[in-house]
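Sequence positions, counted from 1, serve as the residue numbers for this chain. These numbers come from the heavy atoms of this one structure, side chains and all, not from hydrogens, waters or symmetry mates.
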Amino acid sequence: MASHEEMSRSFGSAAAAYEAGRPEYPAAAVEWMLEPVRSGGRPRVADVGAGTGKLTRALVATGAEVVAIEPDAVMLERLREASPGVPTAIGTGESLPLPDAELDAVVFGQAWHWVDEPAASAEAGRVLRSGGVLGLVWNIRDESVEWVAEMSRIMHGSNAEMMLAQGGPQVAAPFDTLESRSWAWPRAMTRAQLSDMVASRSYVITADTDERARIDRELVALFDRIGAVDDAVIDLPYVTTAFRARRP
């Protein structure tokens with residue numbers, strides 16, 4: 001099994017599947033994370049671990065001024081293609097290429113579970129102005145639905161899913177209490193999109209040949225059984241959970 005570090009840096013090799021298979025973020029969740037800094041006009045926001053720009057696009061749609069920070073150059077190139085005009089930079093949650101106290105919000109979509117929490121908290125605190133927001137958000141499949149739970153067992157639980165099941169994210173100084181809210185919603189998906197979603201997961205990307213063959217074989221049987229065949233559309237239920245904390 002690949003290490004945590006290997007998994008965290010694996011996504012560039014599946015950038016196309018990531019863009020096609022991963023869900024967008026509900027506008028309500030994005031607005032909620034930014035709500036504390038909306039009164040001052042157009043907030044300045046860093047999307048950290050931006051990937052192919054799923055959260056970046058949702059932030060731009062709110063009217064925010066956004067810079068996208070991502071450690072993987074291949075993922076960042078996909079983001080530039082999809083979101084021309086958005087400033088971008090190579091960087092990590094622990095080392096942001098940004099000045100002190102410049103931003104109103106720093107947000108992480110599907111990314112905080114990869115960081116060193118004390119180091120990333122300190123770095124977010126450095127670039128945020130007083131009263132700024134640290135926002136964390138995840139789209140997680142609703143495993144209370146039987147076939148979704150079976151799919152998760154086949155393709156293995158992710159680091160994010162395990163973290164949320166164990167009590168959720170942790171933050172460190174200068175942040176204290178995290179507020180949270182959740183939104184349940186369905187995503188209509190074809191078999192091809194379901195397959196891309198699976199192919200974009202770090203465990204699957206880094207799996208050895210035998211394990212990948214097992215995953216593919218068992219998913220074929222599951223997708224056939226639930227009617228995800230050809231261009232048929234299946235609703236995949238999601239729960240989006242967002243967290244926010246203010247910089248003192």
Side-chain angles (χ1 to χ4, degrees), residues 2-15 18-19 22 25 30 33-34 37 43-60 64-83 85-138 158-160 162-163 168-176 178 200 202 205-206 242-248:
S3 69
H4 185 274
E5 176 69 15
E6 289 168 335
M7 286 186 176
S8 72
R9 298 302 178 95
S10 67
F11 296 104
S13 63
Y18 194 104
E19 176 61 23
R22 293 295 183 105
Y25 291 91
V30 179
M33 287 192 294
L34 298 185
V37 295
R44 295 166 296 172
V45 183
D47 179 11
V48 184
T52 61
K54 296 281 183 175
L55 182 54
T56 303
R57 297 193 287 274
L59 291 164
V60 169
E65 180 183 343
V66 184
V67 57
I69 310 295
E70 165 61 34
D72 191 301
V74 177
M75 297 286 274
L76 205 56
E77 183 57 33
R78 285 272 176 175
L79 185 151
R80 294 188 188 107
E81 292 171 0
S83 303
V86 173
T88 62
I90 295 289
T92 66
E94 299 86 352
S95 181
L96 297 172
L98 300 168
D100 294 353
E102 182 181 72
L103 299 176
D104 299 296
V106 175
V107 298
F108 291 74
Q110 311 289 132
W112 189 254
H113 55 283
W114 296 119
V115 306
D116 177 275
E117 292 161 346
S121 295
E123 186 69 344
R126 178 185 68 79
V127 302
L128 282 171
R129 64 168 177 81
S130 178
V133 168
L134 172 64
L136 316 174
V137 63
W138 286 268
S158 71
N159 288 291
M162 289 184 280
M163 180 203 69
Q170 301 296 313
V171 293
F175 305 99
D176 188 5
L178 283 167
S200 74
S202 60
I205 296 168
T206 58
F243 301 82
R244 69 187 184 194
R246 301 291 296 274
R247 191 196 190 288

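Scanning both residues, Asn159 and Met7, for their nearest heavy atoms gives ND2-SD, 3.8 Å. Between Glu94 and Ala120 the shortest heavy-atom distance is CG-N, 4.2 Å. The two residues Gly132 and Val37 come nearest to each other via the heavy atoms CA-CG1, 4.3 Å. Annotation for Thr52 and Arg57: closest pair O-NH1, 3.3 Å, computed over non-hydrogen atoms. Between Ala15 and Val74 the shortest heavy-atom distance is CB-CG1, 4.1 Å. When all heavy atoms of Ala14 and Ile205 are compared, the closest pair comes out as CB-CD1, 3.7 Å.
Rounding to the nearest 0.5 angstrom, the gap separating the CH2 atom in Trp114 from the CD atom in Glu5 is 9.5 Å. Rounded to the nearest 0.5 Å, atoms CZ (Arg78) and CZ (Phe11) are 15.5 Å apart. From Trp112, atom CH2 reaches atom CG of Leu134 across 5.0 Å, with rounding to the nearest 0.5 Å. Put simply, CG on Leu136 and CG on Leu178 are 6.0 Å apart, with the number rounded to the nearest 0.5 Å. Annotation: the span from Thr88 atom OG1 to Ile69 atom CD1 amounts to 8.0 Å, rounded to 0.5 Å. Of the inter-residue distances, the one linking Leu79 atom CG with Asp72 atom CG reads 11.5 Å to the nearest 0.5 angstrom.
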* In sequence, state the C-alpha distance, the side-chain angles, and the governing distance for Leu103 and Arg129, and then conclude on side-chain contact (heavy atoms from CB on, under 4.5 Å). => CA-CA 6 Å; Leu103 299 176; Arg129 64 168 177 81; over 6 Å; no

* Take Val107 and Val30, measure what side-chain contact (heavy atoms from CB on, under 4.5 Å) needs, and give me the verdict at the end. => CA-CA 9 Å; Val107 298; Val30 179; over 6 Å; no

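Residues Glu19 and Lys54 have side chains in contact (heavy-atom distance under 4.5 Å, counting atoms from C-beta outward).
Side-chain atoms of Ser13 come within 3.5 Å of backbone atoms of Ser10 as a donor-acceptor pair (strictly under, hydrogens ignored). Within the 3.5 Å criterion, the main-chain N or O of Gly125 finds a donor-acceptor partner in the side chain of Arg247. One N or O on the side chain of Glu123 and one on the backbone of Leu96 form a donor-acceptor pair closer than 3.5 Å. Listed for the Arg246 side chain is a donor-acceptor partner under 3.5 Å among the backbone atoms of Gly131. Side chain of Glu6 to main chain of Thr206: no donor-acceptor pair is present (N/O by atom type, distance under 3.5 Å, no hydrogens or angles). A side-chain donor-acceptor contact under 3.5 Å links Ser121 to the backbone of Ala172. Here the side chain of Glu102 pairs no donor or acceptor atom with the backbone of Val127 at under 3.5 angstrom.
For Phe175, the ring-ring contact (aromatic ring centres under 6.0 Å, His included) test picks out no residue, with sequence neighbours left out.
Ring pair His113/Trp138 is tilted by interplanar angle, where 30° to 60° counts as tilted.
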